[in-house]
Amino acid sequence: MDKKDVSAEELSDATSLADARTRSRQAYLRKREEAKLADLKAELDDERALFAGARLTAREREAIALKEQTYALAAARVAAEAGAAAAAAAGGRDPAEPGADDGGGEDGPAAAGGMAAGGGDAVGLRPFGEGLASGGGAGAAAAPVPLVLPGGVSFVADAVGGLPGVEVLGAAPPPSLAVAAASTAGPGRGAGAPATPRRRRSRFAPDPGREGGTGGGDPAAGGGGAATAAAVATTPAALSPAAALQAERDSLPIAAYKAELLAAVATYPVLIVEGETGSGKTTQLPQYLLDGGYRCVACTQPRRVAAMSVAARVATERGVRLGSTVGYSIRFEDCTSEETVIKYLTDGMLLREFLSVPDLAAYDVLMVDEAHERSLSTDVVMGLVKDIVRFRGDSLRVIIASATLNAAAFCDYFDGAPLFSIPGRRFPVDILYTRAPEANYLDAAAVTVLQVHASQPAGDILVFLAGQDEIEDLEAALRERTAGVGGALGELIIAPIYASLPSEQQAAIFTPTPPGARKVVLATNIAETSVTIPGVVYVIDPGFAKQKAYNPATGMESLLVVPISRAAAVQRAGRAGRTAAGKCFRLYTKWSFTHEMEAQPVPELLRSNLAQVVLLLLSLGIDNLLAFDFLDAPPPATLLRSLELLYALGALSPAGKLTKRGRLMAELPLEPLMAAAVVASEAYGCSEEVITVCAMLSVSGAVWYRPKAKALAADAARAAFSRATAAAGAGRGDHLALLACYNSWRDSGFATQWCYEHFVQVRSMRRARDVREQLDALLDRVGVARATLADAPDGGADQAPVLKALTAGYFSHACQLTKAGLYRTVKGGTSVHIHPSSALYRTERLPRYVLYHELVLTSKEYMRSVSEIDPAWLREVAPHYYTEVDVDVVGASAKMPRALGRRA
DNA sequence: GAGCACTGC
């Protein structure tokens with residue numbers, strides 16, 4: 001522990017230690033800024049004197065403009081901080097939690113504006129495990145104050161557990177580094193604070209709306225913030241883009257730690273870096289590493305758009321063409337070249353790279369970003385990385401970047417790797433809890449929306465809901481309740497967003513709210529990480545989300561509405577503090593938050609079918625999966641089931657070794673069942689058709705567009721595709737309907753208009769085309785000959801071979817009709833039902849045998865995407881799986897009236 | 001007569 005600036009008593013009290021450190025850090029940062037400002041001013045004055053009256057070249061004018069600009073920004077920031085400090089010293093609530101947006105950080109290039117009036121950028125230690133911290137003095141003032149809005153839900157204000165204006169350390173690190181970062185950054189040379197630069201600021205008229213990113217003004221940021229926004233807005237005319245970018249880079253919180261970060265990376269093979277959104281770690285750290293002499297840096301992202309937009313941002317900052325020295329690599333799109341030295345890629349993409357280069361020899365540094373999200377791929381990447389760090393030795397450096405909440409877990413996992421903390425920038429968000437649990441959170445949400453609309457200052461509202469149905473219900477409820485209310489309140493614009501909403505309609509959430517109106521965005525979890533909605537000041541959080549669960553015993557996945565974790569609640573609240581100070585209304589009690597909600601969400605790895613992961617690990621030579629060092633070990637039952645499945649598919653030998661077939665399957669970016677079907681398709685002469693079906697299945701669920709208003713027309717359009725195949729007997733069902741749908745779209749020349757006419761989602765179809773093209777390209781590699789039924793003697797009239805090939809992959813998903821008219825899985829005997837969305841739902845003659853793509857548990861166990869098969873195929877494609885006994889079962893059900901299921 | 005949270009290869 002660093003004891004330099006705290007007393008012994010303070011050390012004994014963790015909380016006051018944290019406060020003391022925060023205060024001392026703030027004071028230090030202010031002093032440093034002031035010193036920098038003084039230097040800059042001196043330089044500027046010199047040059048002004050030098051060039052007075054001279055004719056300047058454009059370049060010289062540009063250089064001076066840059067300095068003026070930098071000075072104005074710094075001056076505004078220092079003024080804001082000084083004001084904040086004064087207010088804090090006066091004992092009031094600290095007003096200076098401004099900070100600007102992202103400075104080009106985690107959420108893509110749109111965030112470019114960010115010259116912060118960064119108030120309490122602070123680094124400090126917090127008691128282990130306590131996420132509280134009300135940045136500086138901010139939340140401290142909040143002894144619970146009841147806030148009763150007219151007409152219903154009653155809230156209690158409380159900042160604890162919420163987002164402070166500035167997030168500080170959430171965990172006690174191996175102390176050396178974090179403390180070093182806090183206490184030794186920058187020499188702080190120079191002396192003599194400059195005069196308060198108010199005169200300068202007045203030169204800029206507020207000009208909201210351009211790159212400042214603060215939209216319609218910025219009440220919380222005070223003078224400093226407004227001046228900053230205005231200053232940035234006036235930048236482009238005066239300043240070269242490159243110079244402006246450099247100024248922005250220098251203003252990011254991380255900029256102060258460049259030297260320390262490089263030193264830490266040089267010292268430790270694995271470094272954990274924690275920093276909030278807006279700290280600049282994603283964009284700057286790879287650049288620092290390059291400057292520090294590392295030759296090639298890879299940085300993983302959980303999402304495609306993030307990889308793309310961050311790469312674009314960094315390319316701009318470095319003044320290079322995207323795809324040259326800075327590039328990105330995502331599925332369907334490799335925007336890199338020989339000369340690429342900073343590469344952003346999705347973590348799934350990195351997993352594929354492991355297949356060809358198991359030790360990632362091309363990279364000197366690997367940065368795993370957003371590790372706190374614990375996505376399936378991130379977790380697997382971390383497991384593999386931990387493995388290769390050992391034998392890459394000094395030739396590989398690893399950085400795990402995470403939000404502040406659970407970074408300590410990564411330190412433990414990587415054998416006590418040190419933690420480096422970088423402050424972020426955010427506006428404060430007041431957290432309000434309900435006094436008592438709400439009986440109906442949807443009603444409560446509706447009432448709260450109206451309460452906010454009626455009683456709170458301007459600012460858009462974001463409501464987090466579990467799914468499309470809730471969104472539609474709430475939208476209807478809000479329309480109903482606002483119908484009678486006239487213009488007195490101002491218009492309430494309702495904008496839904498969820499992933500399967502067509503993109504044209506998604507765009508509505510980005511249209512600026514007209515003056516006097518208020519927008520309320522009804523969103524699923526998509527707004528938690530994937531989409532950032534500008535202008536949101538109020539977040540309403542009912543505290544639920546849909547979450548996937550997996551039962552290894554039955555192999556069934558289900559989607560259940562569950563309470564969110566505290567980490568997710570904090571993330572949601574943060575969505576209110578991106579452009580101004582905000583409020584978050586939690587529709588649950590504070591007690592529930594602290595006592596009932598889990599700290600972190602269950603990692604995806606623990607609630608997923610791992611067949612594909614297991615196949616990947618096996619093909620990387622990791623044989624003993626039960627001993628593989630996962631951050632959180634998945635249930636052994638899940639691993640064993642995966643192994644059994646892979647064995648049944650012929651990917652594993654009886655000895656548990658990967659077979660040649662298994663190795664080929666691993667090359668395909670498909671779940672193993674599907675990969676097996678593709679590999680088998682060669683034997684049936686229909687690889688073209690099978691990859692089409694696979695491509696369509698992999699976007700399934702999102703293919704058919706069914707607006708409530710035109711539900712009947714949409715159903716009819718969909719039925720038309722299955723009718724084309726209905727006469728064919730075995731084979732009728734959803735798989736061939738998907739094939740027919742795709743081929744019909746292809747024959748239209750991939751026309752968008754065709755999609756509208758047939759109630760098909762364009763986005764999904766394009767994605768299916770991408771997947772299909774990728775699979776087509778991989779066929780050679782997997783050694784599957786391209787063949788199509790169109791070349792068959794009958795010209796492709798008999799499509800049964802397609803289903804037969806699919807059966808060769810999905811044979812374990814076969815079901816038979818029982819006498820009672822229900823379906824049971826042939827193996828296992830689980831009762832299942834045809835999903836109402838299937839073409840086979842309520843058909844006149846139920847097929848005796850069906851094959852399903854997936855099983856989902858909702859109100860019942862439903863088979864989704866179902867087709868009729870001939871039971872003889874089962875013995876044909878999987879004699880090792882279906883024994884004589886099963887054949888007996890087959891025979892038994894033949895007692896059924898032949899007309900019911902038998903094809904001609 | 002039910003439903004597709006969100007990613008990713």
Side-chain angles (χ1 to χ4, degrees), chain A residues 300-307 329-334 345-356 370 373-381 464-473 497-501 523-531 544-549 557-562 564 568 571 601 603-605 607-608 612-613 615-616 619 665-672 674-675 694-695 698-706 708 711-712 714-715 761 764 767 770-771 774-775 777-778 833-838 841-842 854 856-865:
Chain A
T300 70
Q301 294 292 317
R303 282 169 291 281
R304 296 160 52 85
V305 274
S329 177
I330 57 179
R331 190 183 187 183
F332 312 132
E333 216 181 324
D334 183 4
L345 72 175
T346 49
D347 38 26
M349 203 66 204
L350 187 75
L351 286 181
R352 305 308 306 184
E353 290 196 0
F354 268 101
L355 272 178
S356 44
E370 313 285 5
E373 287 189 22
R374 303 292 309 275
S375 81
L376 186 61
S377 305
T378 308
D379 269 17
V380 177
V381 163
F464 283 100
L465 297 164
Q468 183 182 347
D469 50 345
E470 285 189 14
I471 288 175
E472 283 167 358
D473 287 353
I497 180 163
Y498 43 89
S500 58
L501 191 72
T524 59
N525 261 356
I526 194 172
E528 210 176 280
T529 47
S530 307
V531 173
F544 290 93
K546 276 190 188 168
Q547 202 180 49
K548 192 177 67 181
E557 286 189 339
S558 49
L559 208 51
L560 301 171
V561 177
V562 295
I564 61 170
Q571 173 74 17
E604 200 185 354
L605 190 80
R607 43 185 180 83
S608 301
Q612 205 176 343
V613 168
L615 181 60
L616 178 85
S619 57
M665 281 165 55
E667 294 284 338
L668 295 169
L670 296 172
E671 58 165 359
M674 224 185 250
C694 289
S698 65
V699 297
S700 85
V703 170
W704 315 107
Y705 175 56
R706 192 174 185 272
K708 270 197 177 135
L712 286 179
D715 288 347
Q761 301 225 34
S764 304
R767 204 182 137 71
D770 287 340
V771 174
Q774 188 189 25
L775 293 175
L778 284 167
H833 306 82
I834 292 178
H835 195 281
S837 67
S838 169
Y841 184 74
R842 289 205 156 182
E854 60 182 350
V856 289
L857 176 67
T858 51
S859 54
K860 285 180 185 171
E861 293 86 357
Y862 282 111
M863 303 180 274
R864 216 150 51 187
S865 300

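Below, chains carry the letters A, B, ... as their sequence lines are ordered, and counting in each starts from 1.
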Rounded to whole Å, please give me the gap between [atom1] in [X] and [atom2] in [N].
X	N	atom1	atom2	value
A/Q571	B/dC6	CD	P	16 Å
A/I497	B/dT7	CD1	P	9 Å
A/I330	B/dG8	CD1	P	8 Å
A/Y498	B/dT7	OH	P	14 Å
A/L376	B/dG8	CG	P	13 Å
A/E373	B/dG8	CD	C1'	12 Å
A/M665	B/dC9	CE	P	20 Å
A/D347	B/dG8	CG	P	9 Å

For the residue pair [X] and [Y], establish whether any side-chain heavy-atom pair is separated by less than 4.5 Å.
X	Y	result
A/Y498	A/E470	no
A/W704	A/S764	no
A/T300	A/M349	no
A/T378	A/E373	no
A/L559	A/V856	no

* Asked: Is the base of B/dC9 touched by the side chain of A/Q612 through a donor-acceptor pair closer than 3.5 angstrom?
  -> yes
Would you mind telling me which of [options] lies closest to the side-chain atoms of [X]?
X	options	answer
A/R304	B/dA5, B/dG8, B/dC6	B/dG8
A/R331	B/dT7, B/dA5, B/dC9	B/dC9
A/R607	B/dA5, B/dA2, B/dC6	B/dA5
A/S530	B/dA5, B/dC9, B/dC6	B/dC6
A/P669	B/dG8, B/dC9, B/dA5	B/dC9
A/I526	B/dC6, B/dA5, B/dA2	B/dC6
A/M349	B/dT7, B/dC9, B/dA2	B/dC9

Classify the nucleic acid contact of [X] as base, sugar-phosphate or nothing, counting any heavy atom under 4.0 Å across all strands shown.
X	value
A/S837	nothing
A/K860	nothing
A/R303	sugar-phosphate
A/L351	nothing
A/A545	nothing

* Structure fact -> Smallest heavy-atom separation, A/G467 atom then A/K546 atom, equals CA-NZ, 4.4 Å
Is the shortest side-chain N/O distance from [X] to OP1 or OP2 of [N] below 4.0 Å?
X	N	value
A/T346	B/dC9	yes
A/R352	B/dG8	no
A/T524	B/dC6	yes

